[in-house]
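Notes follow the structure.
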Amino acid sequence: MVRKHGDNPVIVLHGGPGAIGSARSLAEELGAVEVLNYAQSIQGQLEEINEAVQAMKSKVPIIVGHSWGAWLAVIYASKFSVRKVILVGCGAFDEKYLSGMQARRKGKLTREEEKRVDEYFLQLNRGQLREISDFNRLMNKMDAYEPIGHDDLDKFDFQGHGMLMDEFRPLRKSGSLLEMVKKIECEIVVFHGLDDPHPLAGITEPFDQAGISYTLHTFSKCGHTPWQEQYAKDVFLHVIKAVIRESSV
C-alpha cells in the first residue's frame with residue numbers, strides 16, 4: 001500500500017519495523033511516495049517497494065529510509081537499481097554498538113520510567129504490548145532531543161515487528177548486511193542527529209572499515225527524527241531537499 005504526496009521520484013520508507021505510517025510527514029515534505037510496509041518478511045516488504053517503483057513508470061527512484069526503513073533501503077538498493085540511497089536515523093551495522101544505544105536511551109528516563117520501558121520491551125517482543133500510548137511517549141522521550149510533537153503513526157504491527165527483527169538480526173550479526181551495502185552502486189547519503197541514541201559510529205565506523213563511500217550530514221540538538229525536531233527541522237529539510245534536487249537534474 002502507498003500514499004502519494006507528490007510527483008517526485010522519491011520513495012520514503014518508515015521505521016519500526018511495523019511502525020506503519022510513521023514517516024508520513026517526511027513524505028509529505030518531500031512530495032514523495034510513502035510506502036506502507038504491511039508485509040511481515042523482508043522479501044515481502046521488498047516486493048511492496050517494487051510495486052511502488054513500478055507505478056512510477058520506469059523512473060529510477062531515490063530511496064529515503066528512516067530507522068528500520070534505512071536498513072530496508074540498503075537491502076533494496078543492493079538488489080535493484082536506485083538513483084540514490086538516503087539513510088535517516090539509521091541503526092547500527094554491528095551489534096556491538098547496541099549496548100551504548102540502550103544506555104543513552106535510558107539515561108533520559110527516571111528510574112520508574114526505565115522499569116516501565118523494560119516491561120514494555122518484554123511485551124513488545126511477545127507481541128503483547130498493552131500500554132501503547134505510554135510506550136510511544138517514553139520512546140519519544142528517549143529518542144528525541146526536542147520533539148515538535150507530531151505523531152504520524154497509523155498502526156504498529158507488533159507481530160510483524162518481532163518476525164522482521166528475528167529475520168534481520170542474523171543478517172547484521174553475520175556481516176551480510178554490510179556486504180549488501182558494498183553492492184550498492186549509487187551514492188549513499190547519511191543524515192543523523194548528533195543526539196540520536198542510535199550511535200552514528202555504528203554507521204560510520206563499519207562503513208569506513210569496509211571502504212564504503214558515503215556522504216554525511218549531521219545535525220546538532222537533534223535526535224532520531226530530524227524532520228520532527230524543533231532545532232533541526234528547518235535545516236534538515238533544506239539539506240535533504242537539496243540532495244534530492246541534485247539527483248533530479
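Since the model is a prediction, treat every value here as computed from it, not as a measurement.
- Think of Y145 as one node in a network of Ile, Leu, Val, Met, Phe, Trp and Tyr side chains linked at under 4.5 Å; its network also takes in Y231.
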Listed pairs under 3.5 Å, donor-acceptor, residues 192-204 side chains, sequence neighbours left out:
from : atom 1 : to   : atom 2 : distance (Å)
H192 : NE2    : H198 : O      : 2.7
D195 : OD2    : K221 : N      : 3.2
D195 : OD2    : C222 : N      : 3.4
D196 : OD1    : H198 : N      : 2.8
D196 : OD1    : H198 : ND1    : 2.9
D196 : OD1    : H224 : ND1    : 3.3
D196 : OD2    : H224 : ND1    : 2.8
H198 : ND1    : H224 : ND1    : 3.3
T204 : OG1    : L200 : O      : 3.3

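- Residues E205 and Q209 bring no donor and acceptor atom of their side chains to less than 3.5 Å of each other.
- The aromatic rings of F191 and F219 lie parallel to each other, their planes meeting at an angle below 30°, with 60° marking the opposite boundary.
- Ionic pairing of K115 and D118 is not present here: no N-O contact between side-chain nitrogen and carboxylate oxygen is shorter than 4.0 angstrom.
- Under a 4.5 Å side-chain heavy-atom cut-off, the cluster of Ile, Leu, Val, Met, Phe, Trp and Tyr residues that includes Y38 is completed by M1, I20, L36.
- One finds a salt bridge joining E179 and K182 here, because a Lys/Arg side-chain nitrogen approaches an Asp/Glu carboxylate oxygen to under 4.0 Å.
- For the pair F207 and L178, the minimum side-chain heavy-atom distance is below 4.5 Å.
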**Request:** Take E113 and R137 through the test side-chain contact (heavy atoms from CB on, under 4.5 Å) and record every step on the way to the result.
**Result:** CA-CA 10 Å; E113 288 174 334; R137 182 186 69 79; 3.8 Å; yes
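- Of the possible donor and acceptor atoms, none in the side chain of E34 sits under 3.5 Å from a partner among the backbone N and O of R3.
- Listed for the Q230 side chain is no donor-acceptor partner under 3.5 Å among the backbone atoms of P147.
- Not a single donor-acceptor pair under 3.5 Å links the side chain of N37 to the backbone N or O of L13.
- Listed by chain and number, the residues in a salt bridge (Lys or Arg N to Asp or Glu O under 4.0 Å) with E28 are R24 (sequence neighbours excluded).
- One finds a salt bridge joining K241 and E29 here, because a Lys/Arg side-chain nitrogen approaches an Asp/Glu carboxylate oxygen to under 4.0 Å.
- Contact annotation: the side chain of L30 never approaches that of N8 to less than 4.5 Å [non-hydrogen atoms, C-beta and beyond].
- For E187, the salt bridge (Lys or Arg N to Asp or Glu O under 4.0 Å) partners are K84, not counting sequence neighbours.
- Formation of a donor-acceptor pair under 3.5 Å by the Q45 side chain with backbone atoms of L72 is not found in this model.
- Contact of the V60 side chain with the P9 side chain is not registered, since no non-hydrogen atoms from C-beta on lie closer than 4.5 Å.
- Between the H14 side chain and the A23 main chain, no donor and acceptor come within less than 3.5 Å of each other.
- Qualifying salt bridge (Lys or Arg N to Asp or Glu O under 4.0 Å) partners for K79, counting only residues two or more places apart in sequence or in other chains: none.
- Using a 4.5 Å cut-off on side-chain heavy atoms (C-beta onward), M163 and S41 make no contact.
- Formation of a donor-acceptor pair under 3.5 Å by the K106 side chain with backbone atoms of V117 is not found in this model.
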**Item:** Derivation and outcome, side-chain contact (heavy atoms from CB on, under 4.5 Å), residues I49 and F80
**Value:** CA-CA 10 Å; I49 299 169; F80 301 98; over 6 Å; no
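- Checked against H161 for a ring pair (Phe, Tyr, Trp, His ring centres under 6.0 Å), the options F121, F156, W68, F168 give a single hit: F156.
- Judged by distance alone, with hydrogens and angles left aside, the side-chain atoms of R83 form no donor-acceptor pair with the main-chain N or O of I62 at under 3.5 Å.
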